[in-house]
Amino acid sequence: MATIFVAQTAVVATVAFVVVLVSLVVGVPLLFVALFGLPLLWFCLVAARTSALVDAWRFTAVLGWRLWLRPRAGSVPPGTPPDLVPGRLGRAVLRLTSPAAWLEVLYALVVLPLFGWLGAWLVFVVWGAGLSFTLFPLYGHGLADSGRFLGLDLGYPGSLALHLVIGIVALLAAPWVARGVAVAHFAVARLVLSPSVEPDLQARVDDLEASRAGMVAAATAERRRIERDLHDGAQARLVSVAMTLGRAQERFTDDPEGARGLVAEAHTEAKRALVELRDLARGIHPSVLTDRGLDAALSGLAARSPVPVTLDIEIGRRLDIATESVAYFFVAEALTNVAHHAQATQVRVGVRPAGDRLAVEVADDGRGGAREDAGTGIAGLRDRARAVDGDIVLVSPPGGGTTLRMELPWATPGVGR
């Protein structure tokens with residue numbers, strides 16, 4: 001199999017070298033002519049990336065070795081908020097300025113030819129020599145100097161024996177030479193193309209980067225919501241209270257009854273402002289969650305829900321603050337989505353252990369068909385969950401209701417009560 005791999009490498013190296021070299025040699029000078037060379041350079045990077053992908057596939061398919069490649073230059077980690085995703089031009093610029101992309105060009109122009117041409121030449125010289133020497137009895141008797149070998153006159157029997165020994169040794173060594181070339185090729189490919197950390201760790205880093213971007217976007221949206229609610233709600237009412245009290249103060253001497261009416265009106269507005277501030281504080285972090293825990297906080301959510309809610313809570317102990325907050329806001333957002341979009345008549349909220357994790361599930365009997373990209377806040381919930389090593393599963397067939405399940409660790413590392 002190693003010999004087949006080396007033979008394939010010779011073909012792949014030739015195609016990749018020609019395509020990448022021509023696009024690079026033509027594209028660079030054209031950069032000085034109104035940037036006409038940019039499309040060619042972009043094509044050069046795409047061709048180099050393709051050759052790396054082909055080699056990664058060949059290592060797996062032919063030899064069973066896994067070659068991990070760096071993420072494509074300019075790619076966006078999954079879960080990145082849409083407003084943080086660069087456009088096509090931005091991704092193209094990222095690719096053109098990425099060191100990883102140019103390492104792929106180096107691979108196509110240097111590494112592939114090295115092992116595809118020199119390595120293949122070495123392997124097939126050994127194979128050819130082995131076959132040629134082993135088949136010496138078929139043609140050696142017809143040679144004028146069949147008894148000579150490297151200037152020594154061994155006679156035909158001696159020359160025949162030596163040719164057979166060398167041929168058999170070469171044939172036995174050829175597969176190992178091919179494997180050695182493939183191993184060296186794999187080692188250099190890993191050095192040039194693979195990330196500097198283990199794939200699992202790299203995937204974890206990418207996941208954390210995506211969740212961090214999502215949390216930043218969610219925090220910005222939450223701050224804007226709070227500012228909007230304060231400006232349009234409590235602040236406007238407090239301004240009204242101040243103006244009403246000012247009018248009452250002016251009437252105390254001439255119109256005491258009218259002043260008392262204005263004071264009563266201001267009192268009513270002040271109580272409404274307090275209610276709005278209490279609701280706003282509950283949306284940030286309800287005091288009942290801190291004082292009495294997740295069970296009591298979810299009971300309050302269920303009581304305020306316009307859709308009847310059945311609670312099934314089996315946790316039995318307090319969780320850390322981060323986990324309780326994420327679970328609470330998950331249920332709050334899910335119930336809000338049910339009330340606004342699901343057309344449901346019943347909701348079930350379940351909170352129970354699931355192995356070493358906490359499972360929070362909200363299921364309704366509505367119309368279903370919910371999607372994460374439909375702007376219903378599910379993407380934000382996923383970002384909240386991923387921030388504490390959790391995840392979300394959405395099951396919502398059309399007409400079959402919606403089940404939204406989140407699993408969280410029992411405790412978030414580094415977070416205490």
Side-chain angles (χ1 to χ4, degrees), residues 214 218 222 225 278-372 374-412 415 417:
E222 187 72 7
R225 182 189 68 82
R278 189 180 301 114
D279 292 340
L280 182 62
R282 185 183 294 115
I284 299 172
H285 189 85
S287 58
V288 67
L289 185 61
T290 302
D291 298 337
R292 299 174 56 193
L294 185 61
D295 193 344
L298 294 184
S299 298
L301 279 178
R304 294 191 300 272
S305 173
V307 181
V309 177
T310 301
L311 292 178
D312 181 13
I313 301 177
E314 302 175 3
I315 48 177
R317 63 185 175 91
R318 292 295 302 272
L319 309 174
D320 69 78
I321 295 175
T323 302
E324 286 188 340
S325 297
V326 172
Y328 173 84
F329 285 108
F330 168 78
V331 176
E333 182 69 22
L335 291 179
T336 301
N337 286 343
V338 171
H340 290 170
H341 308 291
Q343 300 177 2
T345 60
Q346 184 67 36
V347 186
R348 183 184 61 81
V349 176
V351 183
R352 60 176 58 85
D356 59 347
R357 296 169 75 81
L358 176 70
V360 184
E361 188 173 281
V362 179
D364 65 68
D365 59 355
R367 62 180 182 177
R371 301 195 318 274
E372 187 169 340
T376 56
I378 298 175
L381 291 177
R382 186 178 297 278
D383 290 332
R384 283 181 181 267
R386 292 169 68 184
V388 292
D389 289 337
D391 199 7
I392 284 180
V393 176
L394 173 66
V395 179
S396 185
T402 297
T403 298
L404 194 57
R405 178 185 176 92
M406 177 173 63
E407 292 190 358
L408 300 170
W410 277 101
T412 303
V415 179
R417 290 215 59 81

On a heavy-atom basis, which atom in [X] and which in [Y] lie closest, and how many Å separate them?
| X | Y | value |
| --- | --- | --- |
| Leu294 | Ala327 | CD2-CB, 3.9 Å |
| Val349 | Leu335 | CG2-CD2, 4.3 Å |
| Val360 | Val351 | CG1-CG2, 4.1 Å |
| Ala359 | Ala354 | CB-CB, 3.8 Å |

message: Given 3.5 Å as the limit, does a donor-acceptor pair link the side chain of Arg367 with the main chain of His341, or not?
response: yes
Quick one: [atom1] on [X] to [atom2] on [Y], what's the gap to the nearest 0.5 Å?
| X | Y | atom1 | atom2 | result |
| --- | --- | --- | --- | --- |
| Arg352 | Asp312 | CZ | CG | 4.5 Å |
| Asp295 | Leu311 | CG | CG | 7.5 Å |
| Glu324 | Leu298 | CD | CG | 9.5 Å |

- line: Sequence neighbours excluded, the answer for side-chain contact (heavy atoms from CB on, under 4.5 Å) partners of Thr336 is His340
field: With sequence neighbours excluded, residues passing side-chain contact (heavy atoms from CB on, under 4.5 Å) with Gln346
entry: Pro308, Thr310, Asp365
- request: Check the pair Leu408 / Phe330 against side chain to side chain contact (heavy atoms under 4.5 Å, CB included), numbers first and verdict last.
  value: CA-CA 11 Å; Leu408 300 170; Phe330 168 78; over 6 Å; no
I'd like a table of donor-acceptor pairs (distance under 3.5 Å, sequence neighbours excluded) in which one partner is a side-chain atom from residues 396-405, with atom names and distances.
from, atom 1, to, atom 2, distance (Å)
Ser396, OG, Gly369, N, 2.9
Ser396, OG, Ala370, N, 2.8
Ser396, OG, Thr402, OG1, 2.7
Arg405, NE, Glu407, OE2, 3.2
Arg405, NH1, Glu361, OE1, 3.3
Arg405, NH2, Glu407, OE2, 3.1

